[in-house]
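Below: one structure, written as structure tokens.
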Amino acid sequence: MGRDTIADIITSIRNADMNRKGTVRIASTNITENIVKILLREGFIQNVRKHRENKKAFLVLTLQHRRNSKGQYRTVLTLKRISRPGLRIYSNYQRIPRILGGMGIVILSTSQGIMTDREARLERIGGEVLCYIW
């Protein structure tokens with residue numbers, strides 16, 4: 001049985017965010033690169049660097065933190081894995097859920113690549129619901 005790389009990167013980002021780490025290193029695959037591009041484009045992470053070490057490629061993500069008035073850190077990201085290897089969840093474009101009334105995003109794997117819920121509604125295509133981010 002294979003590993004769930006999407007759940008691994010979601011867990012790594014969530015743990016680094018909760019522990020106030022500035023950066024997190026994840027394995028680089030095509031799926032993870034596409035998900036990280038969406039996170040960067042939507043403003044959930046600050047920066048992405050590609051790093052090679054012993055013939056293996058890694059992505060180094062710089063996370064974004066907010067300070068409130070008392071100087072404490074608040075986490076920015078809330079990530080939730082929806083479709084998993086044991087239970088795949090699919091949705092057509094009309095039934096793609098809206099997270100926080102459109103404030104969050106849904107990442108979908110469609111026949112035209114990995115995209116957000118807004119892009120999938122505009123293209124009028126559905127797919128596998130990978131995760132929710134808000």
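Heavy-atom basis, side chains included; hydrogens, waters and symmetry copies ignored.
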Do the side chains of Arg118 and Glu42 get close enough for a salt bridge, i.e. N-O under 4.0 angstrom? yes

Please answer whether the main-chain N or O of Thr5 pairs with a side-chain N or O of Thr32 as donor and acceptor at a distance below 3.5 Å. no

For the residue pair Arg121 and Tyr93, would you count it as a cation-pi contact if the rule is NZ or CZ under 6.0 angstrom from the ring centre and within 45 degrees of the ring axis? no

Do you know the tightest heavy-atom contact between Arg81 and Pro85? NH2-CD, 4.3 Å

Does atom CZ of Arg98 have more than 12 heavy-atom neighbours from other groups under 6.0 Å away? no

Going through the distances and angles, do Arg3 and Asp8 end up as a salt bridge (charged side-chain N to carboxylate O under 4.0 Å, His left out)? CA-CA 8 Å; Arg3 293 182 50 174; Asp8 290 344; 2.7 Å; yes

Are Val60 and Ile26 connected in a single hydrophobic cluster, I mean Ile/Leu/Val/Met/Phe/Trp/Tyr linked by side-chain heavy atoms less than 4.5 Å apart? no

For the hydrophobic clusters of this structure (ILVMFWY residues joined by side-chain heavy atoms under 4.5 Å, transitively), does one cluster hold both Met115 and Leu40? no

Should Ile125 and Ile82 be counted in the same cluster of Ile, Leu, Val, Met, Phe, Trp and Tyr side chains packed under 4.5 Å apart? no

Neighbour count >12 (heavy atoms, 6.0 Å) for atom CG, Asn30: no

Minimum heavy-atom separation for Asp4 and Ala7, please, with both atom names. OD2-CB, 3.1 Å

Under the criterion side chain to side chain contact (heavy atoms under 4.5 Å, CB included), I'd like the reasoning laid out for His51 against Leu59: C-alpha separation, chi angles, the key distance, then a yes or no. CA-CA 6 Å; His51 181 68; Leu59 295 174; over 6 Å; no

Side chains of Ile31 and Ile6 in contact at under 4.5 Å (non-hydrogen atoms): yes

Run Leu63 and Thr23 through side chain to side chain contact (heavy atoms under 4.5 Å, CB included) and show every step you take. CA-CA 6 Å; Leu63 300 178; Thr23 61; over 6 Å; no

To the nearest 0.5 Å, atom CG of Leu108 lies from atom CD of Glu123 at 12.0 Å

When you measure from the side chain of Asp17 to the backbone N and O of Leu77, does any donor-acceptor pair fall under 3.5 Å? yes

Can you measure from OG (Ser28) to CZ (Arg52) and round to the nearest 0.5 angstrom? 8.5 Å

Could you point out which residue of Ser109, Ser83, Ser91 forms a side-chain hydrogen bond (donor to acceptor under 3.5 Å, both in side chains) with Glu128? Ser83

Check Val106, Leu79, Ile10 against Cys131 for a side-chain contact (heavy atoms from CB on, under 4.5 Å) and give me the one that passes. Ile10

When rounded to the nearest 0.5 angstrom, what is the spacing between CG in Asn34 and CG in Leu130? 10.5 Å

Using every non-hydrogen atom in the two residues, find where Ser12 and Val24 come nearest and quote the distance to one decimal. O-CG2, 3.7 Å

What are the two closest non-hydrogen atoms of Trp134 and Phe44, and how far apart are they? C-CE2, 4.3 Å

Min side-chain heavy-atom separation Ile45-Thr62 under 4.5 Å: no

Mind checking the CD1-OH spacing from Ile107 to Tyr132? Nearest 0.5 Å is all I need. 12.0 Å

What about Leu122 and Met103, same hydrophobic cluster or not, with Ile/Leu/Val/Met/Phe/Trp/Tyr joined at side-chain heavy-atom distances under 4.5 Å? no

Evaluation steps, side chain to side chain contact (heavy atoms under 4.5 Å, CB included), between Ile13 and Leu61: CA-CA 9 Å; Ile13 293 171; Leu61 311 177; 3.6 Å; yes

Do Ile38 and Ile105 come close enough that some side-chain heavy atom pair is under 4.5 Å? yes

Could you walk me through whether Phe58 and Glu53 pass the side chain to side chain contact (heavy atoms under 4.5 Å, CB included) check? CA-CA 8 Å; Phe58 296 99; Glu53 187 175 297; 4.1 Å; yes

